[in-house]
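Just the heavy atoms: all of them, side chains too, but no hydrogens, waters or symmetry mates, feed the values below.
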Amino acid sequence: MLMEQQIDEKSDQKVDQKVDQKTEKTQMREVLDLAMNMGRVLLKNGAEIFRVEETIDHVCRRYQIEDVESFVMSNGIFITARDEEEDIYAKVKHIPLSGFHLGIVTEVNDLSREISAGRIGLEEARARLKEIEAMPPKRGRFRIFAAGIGSGCFCYLLQGNIWESLMAVLIGCFLYVFVIFAEKHKLTKILTNIVGGGMITILALLAIQFPWPFPVRIDKIIIGSIMPLVPGVAFVNAIRDIANSDFIAGIVRILDALLVFVYIAIGVGFVLGSFHKLVGGAWL
């Protein structure tokens, strides 16, 4: 009887150890899933490569997961992890290049700090991340107003006069109405930027046809009005990635930004060329 009890006790201990190991590995996978999703949300909304890597590292260290390797590119995240016995996690997540929402980036950064400080648990962190990811963009009228003001200010900074700047404000507002329409109908980046560049040029050509009592230069209006289409955040992030030796990600982002410049130039050049062929450029 005594021998049977000892055998039963040892069996129970082995079962308990297996359950504990299984629970520990399950928790590690949940932590790594959280780190992966936080990195995905950051990268999708315009965060730099080093910020994504640091966030993944902070979350894993908070839950004592030391042996973790992460590799982040401009459109993908690779994470592997292991314990003392074996590999327990390997995952790849593809993140297509998309727009920017710096408000979401800020919220995820705050969440990462709270996790690192131990003020928030795993379940609450996952729920908070879902809420952050569901944050809507700014209201359309605010974006339209900001695009108009930005166009006018850039026109003035580029030595446009006050009247040219006011025209750029109106054209920038009309442009962003089209951009929001394109987002709702999921038009491609190529089509949005080509049509946007052409639309700006058409509106600028119409503006200079009126007999204004003051000088109006079409180049100043066009240059100021295209600024809402220019991917400034992507270009700056690309330079920061290259400065941090993330050359592949930086080059990909710079190439993406340069292609946007090309699309805008195609739209502007096509309209100006067509106008020149129709009227010989006499009205410019």
Report yes or no: does [X] contribute a side-chain atom to a donor-acceptor pair with the main-chain N or O of [Y] at less than 3.5 Å?
X    : Y    : value
H101 : P136 : yes
E107 : G103 : no
N244 : D246 : no
N45  : V41  : yes
K220 : L158 : yes
Q64  : R62  : yes
E133 : K130 : no

Legend entry - Straight-line distance of I56 CD1 to S70 OG, nearest 0.5 Å: 4.5 Å
Who pairs with [X] by side-chain contact (heavy atoms from CB on, under 4.5 Å), at least two apart in sequence or on another chain?
X    : value
R126 : E30, L34, E123
N109 : L42, R51, T55, V105, R113
L111 : M38, I115, I120, A125, R128, L129, I132

Legend entry - Side chain to side chain, N75 and V252, heavy atoms closer than 4.5 Å: no
Legend entry - Note, C155 side chain near I223 side chain (heavy atom, < 4.5 Å): no
Inset, instruction - For H94, enumerate each residue passing the ring pair (Phe, Tyr, Trp, His ring centres under 6.0 Å) test, keeping only those at least two apart in sequence or located in another chain. - result: none
Inset, instruction - Return the set of residues passing ring pair (Phe, Tyr, Trp, His ring centres under 6.0 Å) with F181 (not counting sequence neighbours), or none when no residue passes. - result: H185
Scan the side chains in residues 257-265 for donor-acceptor partners under 3.5 Å anywhere in the protein, sequence neighbours excluded, and list what turns up.
none

Legend entry - Presence of salt bridge, R240 and E48, under 4.0 angstrom: yes
Legend entry - Smallest separation among heavy atoms of R253 and A47, with atom names: NH2-O, 3.0 Å
Do other residues, nucleotides or ligands put more than 12 heavy atoms under 6.0 Å from the [atom1] atom of [X]?
X    : atom1 : value
F178 : CZ    : yes
F214 : CZ    : yes
I248 : CD1   : no
E183 : CD    : yes
Y63  : OH    : yes

